[in-house]
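A short worksheet on the structure shown next.
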Amino acid sequence: MMLTQIKDGNGNEKLVFELDMATEDAARNVASNYDRLCFILKHDKELEDEFIQWQSYVIADMWLLIRELTTKKWRSKNQSFLKEFERIGKKALDIETR
């Protein structure tokens with residue numbers, strides 16, 4: 001529920017720092033797995049495009065759920081953390097907002 005509140009904005013950005021550890025760990029696990037997959041996919045443009053077309057809604061939604069967590073909290077320790085997932089997430093968002 002808190003991730004949805006963060007996603008929706010409306011002044012809820014500080015919730016990123018109030019998220020319980022279990023939710024944060026689960027979000028980090030999902031995001032890290034997407035990041036690894038996205039790293040592999042970037043070496044096969046055709047497969048990457050097909051994957052994004054197939055899963056754009058899920059990828060975009062997941063990126064929106066954890067974007068604030070990534071950019072405001074996790075990247076304070078590592079600026080390149082989840083960059084591949086962000087790249088694919090933005091592509092998926094472009095597809096979903098057309």
Side-chain angles (χ1 to χ4, degrees):
M1 187 167 125
M2 285 181 76
L3 286 176
T4 302
Q5 290 175 330
I6 293 167
K7 172 186 160 187
D8 293 341
N10 304 324
N12 294 323
E13 293 82 13
K14 62 186 169 207
L15 289 177
V16 164
F17 301 99
E18 299 171 10
L19 201 60
D20 64 277
M21 269 322 250
T23 302
E24 185 173 341
D25 287 345
R28 186 183 297 111
N29 184 39
V30 169
S32 293
N33 284 317
Y34 266 114
D35 195 56
R36 287 182 189 101
L37 175 61
C38 296
F39 175 80
I40 293 166
L41 288 175
K42 85 175 184 178
H43 298 286
D44 186 331
K45 178 81 170 111
E46 187 177 317
L47 184 57
E48 176 179 287
D49 291 345
E50 191 174 335
F51 177 72
I52 294 169
Q53 289 296 324
W54 175 48
Q55 291 287 303
S56 63
Y57 177 78
V58 175
I59 297 166
D61 195 48
M62 184 54 65
W63 173 245
L64 289 175
L65 281 171
I66 63 145
R67 177 178 52 191
E68 295 293 317
L69 208 84
T70 300
T71 58
K72 295 202 166 64
K73 187 172 184 180
W74 295 337
R75 287 209 181 133
S76 67
K77 298 173 187 167
N78 179 350
Q79 288 298 306
S80 63
F81 189 62
L82 300 176
K83 285 291 189 173
E84 292 302 318
F85 181 41
E86 178 178 12
R87 181 179 65 79
I88 296 290
K90 287 179 177 179
K91 284 184 177 186
L93 279 171
D94 286 343
I95 290 168
E96 290 301 314
T97 56
R98 286 186 205 163

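Please read all numbers here as calculations on a predicted model, not as lab measurements. Each residue takes its place number in the sequence, starting with 1. The basis for the numbers below is simple: all heavy atoms, side chains too, and nothing from hydrogens, waters or symmetry mates.
- Partner of F85 under the side chain to side chain contact (heavy atoms under 4.5 Å, CB included) criterion, out of N33, V30, I59: I59 alone.
- A distance of 10.0 Å separates CD1 of I40 from CG of L47, quoted to the nearest 0.5 Å.
- Checked for salt-bridge contact, D49 and K45 meet the test: a charged N lies under 4.0 Å from a carboxylate O.
- Shortest non-hydrogen contact noted between I66 and A31 is CD1-CB, 3.2 Å.
- Remark: D35 CG to L82 CG distance equals 5.0 Å, nearest 0.5 Å.
- Scanning both residues, Y57 and E96, for their nearest heavy atoms gives N-OE2, 3.3 Å.
- The shortest distance between side-chain heavy atoms of K83 and R75 falls below 4.5 Å.
- To the nearest 0.5 Å, the span separating CZ on F17 from CD on E68 amounts to 9.5 Å.
- The number of heavy-atom neighbours closer than 6.0 Å to CD of E18, taken from other residues, nucleotides and ligands shown, is above 12.
- Among all heavy-atom pairs drawn from A92 and A60, the shortest one is CB-N, 3.8 Å.
- The shortest heavy-atom contact between T70 and F81 is CG2-O, 4.0 Å.
- With hydrogens and angles disregarded, a donor-acceptor distance shorter than 3.5 Å links the side chain of S76 to the backbone of K73.
- In terms of heavy-atom proximity, I95 sits nearest to S56 at CG2-OG, 3.7 Å.
- One distance of note links CD of E84 with CD1 of I88; it measures 7.0 Å at 0.5 Å rounding.
- For the atom pair CG (L69) and CZ (R67), the distance works out to 12.0 Å, reported to the nearest 0.5 Å.
- Salt-bridge check for R28 with D25: passed, with a basic side-chain N closer than 4.0 Å to an acidic carboxylate O.
- A continuous path of ILVMFWY side-chain contacts below 4.5 Å connects Y34 to W54, so both sit in one hydrophobic cluster.
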Go through the steps for K91 and W63 under the test side-chain contact (heavy atoms from CB on, under 4.5 Å), then give the verdict. CA-CA 10 Å; K91 284 184 177 186; W63 173 245; over 6 Å; no

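- The neighbour count for E50 CD, taken as heavy atoms of other residues, nucleotides or ligands under 6.0 Å away, does not exceed 12.
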Would D44 and F51 count as a side-chain contact (heavy atoms from CB on, under 4.5 Å) if you check the C-alpha gap in whole Å, the side-chain angles of each, and the deciding distance to 0.1 Å? CA-CA 11 Å; D44 186 331; F51 177 72; over 6 Å; no

